Amino acid sequence: MNNYRKAFVAALAVNILFGGGLGWLWWRGRTAPRTDNVNPGGQVEAVTPEGGHPSAGGPAAGTSEAPLIPIQLSAQRLQSIGVKTEAVESKNVFNEIRTVGNVAVDERRLAYVQLRFAGWIRKVFVDATYDYVRRGQPLFTIYSPDLVTTEQEFLLAKKNGNLLAQSTVPGVARGATSLVEAAGARLKQWEIPEREISRLESTGQAQDYVEIDSPVSGYVTERNALPSLYAQPETRLYTIADLSTVWVYAEVFQNEVGQFKIGDPATVTVDAYPGRAFRGRVDSIYPDVDMTTRTVKVRFIFPNPGLKLTPGMFVNVSAKIPFGRQLAIPASGVFHSGTRTVVFVDHGNGYLEPRDVELGPQAGDDYVVLKGLMANERIVTSANFLIDSESQLQAAMGSFAPPPPGAGTAAAMNAPAGAAAIEFTTDPSPPHKGNNTFRVKLTNSQGGLVLGAQVTVTFFRPGMPGMGMGALRTVVNLNEKGGGLYEGTGKLDGGGAWQVTILAQSGGQPLVNKQLTVNVEGGM
């Protein structure tokens, strides 16, 4: 029993020691400084997570925007990448918003046929929905005991009025006239047609039924008038729609609805009448956003000559939103680099300046400019992505300003005699994502070896904000190995096309500068 106990204690002690060792190793790995981009032999400089450099030309801490600087390109370079420019101008601009909609009845032109007295419908003249009726056209006849009684009272008052009109008793004649007027007013309040009142006065006979006329011209959209139906004053017997003017309902995205104003012109086209356009205007903007489609309903009003637009018809809506006279630039000249909106201003002789601008709404193929540009300046309207990459590359190299015209020639004239060629190789070849060895061999114009130079290799991959990828940058200082050969090791954090700049200096003077593109294997 004692042997089992000793074995158990020994095993428990070994497990405790093993677990403690693993914990110590884990803690040390968490607290040790990172040395991924530091190589004692290659002297690799630190790189920020966003791809910038902590000491020169890098973006601000906590941002993913690569810096941009002015650049100067030769005429041949501008032509090879297809750079085009246009002038910034002030002009009348408008935005055309296209959507689809449906025709609906103008609710302001709906008429409802109801009675102000109760009775039985006898004969119906308009007996079908969507029949067209004219104003004053008979719709049906109705028998109402109350109406017959009122007509008889009117006739009696009129008869007594004629008899008492010659009375010499003060107030009698005036009272008889008042009774006639009161009975007639009661018939008018019940909206009895004028022709029925005229018939009563001319014939002196009350009828058992009366014809009810249409109050407007239009189409019958609802009919409840049926023979022998007992109609109450609240019964809606007909609904008549005047389609000489119609509404069109359309859905507009919420980012566009702010451009609409009541009264803005609009046009409707419909497949049933190709080549014909109906012109109207914005009538109402609903104060409600559809939570599913994120759209706002806009109501347009259109005259409807010939009644071509019918309720329920599917139509194409085009609204031209005028912005007045504004400073405008082509939309192709705007470069969206994540959180910034940039244009490249052409100052001539290949000098291109990146400039942040503030834009208003898009007006067709143009943008309204609020800040950052002036009229008659010229901006680049094509190859913006290539220019942006070039600007990022030069910023990554620490060139905060483009060299003045002729600077390259002057540098070459003042450089020490010697440097003429750079031979660049990598191990492995082609390089891959991760650690690689880079070698540069320098020879002068006579084929001799260049010794004692300071050689720097800068790898730069522009950011792609649209894909959520920031710029990457790695700088490797190469060590001299003898025989004109310089070597260093560095880590590349992604695959794809990298722009490489090789700079060789001696005594602070540039010997040679070479730029090339290297394809790195591995994932992005």
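Just so it is clear, the model here is predicted, and its values are computed rather than measured.
A donor-acceptor pair is defined here as one N or O able to donate and one able to accept, closer than 3.5 Å; no such pair exists between the side chain of Thr474 and the backbone of Phe459. No donor-acceptor pair closer than 3.5 Å links the side chain of Thr295 to the backbone N or O of Phe253. At least one donor-acceptor pair closer than 3.5 Å links the side chain of Thr221 to the backbone N or O of Thr239. With hydrogens and angles ignored, the 3.5 Å screen pairs a side-chain donor or acceptor of Asn95 with a backbone N or O of Gln362. The closest donor-acceptor contact from the side chain of Thr235 to the backbone of Ala231 lies at 3.5 Å or more, if one exists at all. With Tyr238 contributing its side chain and Val126 its backbone, the two residues share a donor-acceptor pair below 3.5 Å. Counting only distance, with no hydrogens or angles, the side chain of Ser332 and the backbone of Ser382 share no donor-acceptor pair below 3.5 Å.
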key: Worked check of side-chain contact (heavy atoms from CB on, under 4.5 Å) between Phe140 and Arg122   = CA-CA 7 Å; Phe140 58 90; Arg122 297 184 61 183; over 6 Å; no
request  = Starting from the C-alpha separation in whole Å, work towards a yes-or-no answer on salt bridge (charged side-chain N to carboxylate O under 4.0 Å, His left out) for Lys84 and Glu86.
outcome  = CA-CA 7 Å; Lys84 296 180 182 179; Glu86 288 189 27; over 6 Å; no
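Residues satisfying the salt bridge (charged side-chain N to carboxylate O under 4.0 Å, His left out) criterion with Lys261, sequence neighbours excluded, are Asp264. Under the ring pair (Phe, Tyr, Trp, His ring centres under 6.0 Å) criterion, His347 pairs with Tyr351, sequence neighbours left out.
A distance of 11.5 Å separates CD1 in Ile71 from CD in Glu353, rounded to the nearest 0.5 Å. Summarising the geometry, atom CZ belonging to Arg299 is positioned 10.0 Å from atom CZ belonging to Arg281; distances are rounded to the nearest 0.5 Å. Note that CD1 of Ile329 and CG of Leu359 are 5.5 Å apart. Values are rounded to the nearest 0.5 Å. The line from CD of Gln114 to CG of Asn224 is 10.0 Å long, rounded to the nearest 0.5 Å.
Here Tyr132 and Tyr219 bring their ring centres to under 6.0 angstrom of each other.
If you run side chain to side chain contact (heavy atoms under 4.5 Å, CB included) between Phe125 and each of Thr141, Ile212, Asp213, Leu139, only Thr141 comes through. The one candidate from Leu373, Val357, Leu352, Thr85 that meets the side chain to side chain contact (heavy atoms under 4.5 Å, CB included) condition with Val345 is Leu373.
Salt bridge present: Glu377 and Arg355 bring a charged side-chain N and a carboxylate O closer than 4.0 Å.
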